[in-house]
Protein chains: 2
Amino acid sequence: MTSIKDVAAEAGLSVATVSRVLNDHPSVSADARTRVLAAVETLGYRPNAVARSLRTDQTHALGLVISDVLNPYFTELARSVEEEARALGYSVIIGNADERPDLQDHHVRTLLDRRIDGLLVSPTDGGSPLMLDAARAGTPMVFVDRWIPGVDVPVVRSDGREAVRDLVAHLHRLGHRRVAIIAGPAATTTGSERVEAFRAALAEHGIPLPDTYTGQGDFQADSGRRVTEGFLDLPEPPEVVFAADNLMALGALDAIRARGLRVPDDIALAAFDDIRWFVHTDPPITAIAQPTGELGRAAVRALVDRIEGRPPESVTLPARLVVRRSCGESPSPVQRSTT
Amino acid sequence: MTSIKDVAAEAGLSVATVSRVLNDHPSVSADARTRVLAAVETLGYRPNAVARSLRTDQTHALGLVISDVLNPYFTELARSVEEEARALGYSVIIGNADERPDLQDHHVRTLLDRRIDGLLVSPTDGGSPLMLDAARAGTPMVFVDRWIPGVDVPVVRSDGREAVRDLVAHLHRLGHRRVAIIAGPAATTTGSERVEAFRAALAEHGIPLPDTYTGQGDFQADSGRRVTEGFLDLPEPPEVVFAADNLMALGALDAIRARGLRVPDDIALAAFDDIRWFVHTDPPITAIAQPTGELGRAAVRALVDRIEGRPPESVTLPARLVVRRSCGESPSPVQRSTT
DNA sequence: GCCGTCCATGTAAACGATTCCACGAGGAGG
DNA sequence: CCTCCTCGTGGAATCGTTTACATGGACGGC
């Protein structure tokens, strides 16, 4: 590989001058500049980012540790994160934790070893010592979607409470009274919050949420299937199943279908996280949509603010209900299905 | 950050010895080893991967330039790539090209600047000078899914010809004669190959594939929608639409539905690339499934072979037809829907 | 008892950039 | 004409590692 020395030799100048041209430092003559640029051109020289990082102590790379790449919600998040980061001059290195704390730790560790400038995390659990240490040690960090209470790190997330209330009102209006939820892991904020929001909204209508109607999932399709089977085996199965994420909704759909039951006639279904395919499932699924792209962009902006010395801001954006047909025909004007 | 010097000081040894312990070089006493390890422990020292890379000229990172992260096929590919890479001791840096050659170039460039050890590419086009130069210059590289003819780079892909023939036989058996295809960009191998395979298979049954029935898409949902609308506007619309990827199938479904038509009664639909949601669409979609995970793993193995000096192997794996209901009820025993 | 090996360790030179500091030329101002 | 500043440039230190080479002690064989 050609180095800055080769360029200097080719241009008949010192490496210092070449470096100055490349970083457009003001104090360099027009003549030197053109000679350097010509040399760069003929040699096809590209600066070695590794060496540059070592010297400047910046990598211009952000780490993104995501709970599960196969989940379309996180895929979209990752995409918007990369887009905004690119616009701000950063690369993104994605680590997929697959909802496993050990994998999450692995990625955090290697990202820190690679000296990324900042870390975007959607924690799969309450936070490992490694991550908490890093946060305390001053690694620029931002939580996105999920967060860890009690840690002094900005959080960018969406608040689904209002949308959950809308959903419950919708269900109530359709006459449903026995409603169940497939919860996410209690160790995650989104896992517990969604249950809480659901329970609170139900209470407003005087509907209880008994333990038998709260199943414990792990945000993966299999758990949705398993929990739903449990619900269907109950002497008095629920009339509605609300899955706390889209993959568990997929699993629920599998389970319902495997029994030869139909949605929404035999049992209604709703999900947290809206994805494009929900328009085309049989039936189209009523879901709570997060402003995913905006979340990703806001998270990057917060992180880069932190990295570049500006005060970062936590951001909370509202989610909204998208009514489709999976809970029954809605005669009301709330209907607002988007394509 | 604590450096190797701090560790050396804490252990009362030289940095060389510390380094030897860390890279478990044979020639180091048991006493020194324990002292170094203790020092590492108390200081919480982690080696700086940037400095290490500069010195050793290896980053233990692979670049993966993917055509579109939002496409579930590529998401799954990315996931398996990361898994296998991790097992072999490498990290993966993903670049999303969004089917745009300029973005692809951007990512290739930054990945090369970061001195990744090797590059995995699924090219969006015929290959930019940048990428061809890199390949010629000896950057370890492997093409996955798509490739560029005439470049001396191993290719890991799947061959869909047999499956396409099965699909056409299936369509023919169901009585369909007027069949159309939504093709991918001709600049991509998968774009042109799938049309060719389809045309060849149709010919075996004496069915022509007129120009009016070949629509030009770009592997994105919007193009699938647009092309399908064109088909439906024809005086004699096709009886079947075959989309060359899953996103264009989604767009086709949108378009068909927007006209109030039904699949498969009014028009049949099939897709290349099987994804989990196809089981739950209305109706479940007949698709050609690639061994995506195996492709990703094989690609990584080939690339790492190349990097570590072993001869890399091109790999071609067969795709297979998964019959569901979107082309009409199949009375035949070919039925082999998987969940 | 001496010499040659081998082993553990240390010293110092790289890797490829950035950047502090020194230096010389040239211009402005007295 | 001398002094002082400014500006362009180069030399060299530095970032945190790895590793070739040197060194010195222990040990075995004769």
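Letters A, B, ... are given to chains in the order of the sequence lines, protein chains preceding strands, and every chain is numbered from 1.
- Each of A:Thr56 and A:Lys5 has a nearest nucleotide on DNA chain C; the 5'-most of these lies closest to A:Lys5.
- Using a cutoff of 4.0 Å between basic side-chain nitrogens and carboxylate oxygens, A:Arg100 and A:Asp102 are scored as salt-bridged.
- Following rounding to the nearest Å, B:Arg115 (CZ) and C:dA17 (P) show an atom-to-atom distance of 7 Å.
- Residue A:Ser19 has no polar side-chain atom (N or O) positioned under 4.0 Å from OP1 or OP2 of C:dA17.
- Regarding A:Arg52, its CZ atom lies at a distance of 18 Å from the P atom of D:dG16, rounded to whole Å.
- Residue A:Ser14 places at least one side-chain N or O closer than 4.0 Å to OP1 or OP2 of D:dG10.
- In this structure, B:Leu54 places its CG atom 17 Å from P of C:dA13, rounding to the nearest Å.
- At least one side-chain nitrogen or oxygen of B:Thr17 sits closer than 4.0 Å to the OP1 or OP2 atom of C:dG10.
- Residues from residues 37-50 of chain A that place a heavy atom under 4.0 Å from any atom of DNA chain D: there are none.
- Using a 4.0 Å cut-off between a side-chain N of Lys or Arg and a carboxylate O of Asp or Glu, A:Asp305 and A:Arg301 do not qualify as a salt bridge.
- Not a single donor-acceptor pair, N or O on each side, falls under 3.5 Å between the base of D:dG16 and the side chain of A:Arg55.
- The shortest distance between the side-chain N/O atoms of B:Ser29 and the OP1/OP2 oxygens of C:dT9 is below 4.0 Å.
- Within the nucleic acid shown, A:Ser27 comes within 4.0 Å of at least one base atom, counting heavy atoms only.
- Classification of B:Arg79 and B:Glu76 as a salt-bridged pair fails, no side-chain N sitting under 4.0 Å from a carboxylate O.
- As rounded to whole Å, 16 Å separates atom C1' of C:dA14 from atom CD of B:Gln58.
- On a pure distance criterion of 3.5 Å, a polar donor-acceptor pair joins the side chain of A:Arg20 and the base of D:dG10.
- Interatomic distance, CG of B:Leu120 versus CG of B:Asp145, reported as 11.0 Å (0.5 Å rounding).
- Between the CZ atom of B:Arg114 and the C1' atom of C:dG16 there is a distance of 16 Å, given to the nearest Å.
- Protein atom CG of A:Leu22 is 9 Å distant from nucleotide atom P of C:dA17, rounded to whole Å.
- Proximity note for A:Ala16 (side chain, C-beta onward) versus C:dG16, C:dA12, D:dG11: the nearest is D:dG11.
- Just one of B:Leu13, B:Leu37, B:Val40 meets the side-chain contact (heavy atoms from CB on, under 4.5 Å) condition when paired with B:Val21; it is B:Leu37.
- Nucleic acid contact class of A:Leu13 (heavy atoms, under 4.0 Å, all strands): sugar-phosphate only.
- Comment: A:Arg109 does not engage A:Asp113 in a salt bridge, judged by the lack of any side-chain N to carboxylate O separation of less than 4.0 angstrom.
- Among residue pairs with one or both ends in residues 2-46 of chain A, none qualify as ring pair (Phe, Tyr, Trp, His ring centres under 6.0 Å); sequence neighbours excluded.
- When the C1' atom of D:dC15 is taken as reference, atom CD1 of A:Ile4 falls 15 Å away, rounded to whole Å.
- Taking atom NE2 on A:His25 and atom P on D:dC7, their separation rounds to 11 Å, with Å as the unit.
- The only option from A:Leu77, A:Leu317, A:Thr75 that meets the side-chain contact (heavy atoms from CB on, under 4.5 Å) definition with A:Thr292 turns out to be A:Leu77.
- Each of C:dA12, D:dA12, D:dG16 was ranked by its minimum atom distance to the side chain of B:Ala51; first place goes to D:dG16.
- At a threshold of 4.0 angstrom between heavy atoms, the contacts of A:Asn23 are confined to the sugar-phosphate backbone, with no base atom among them.
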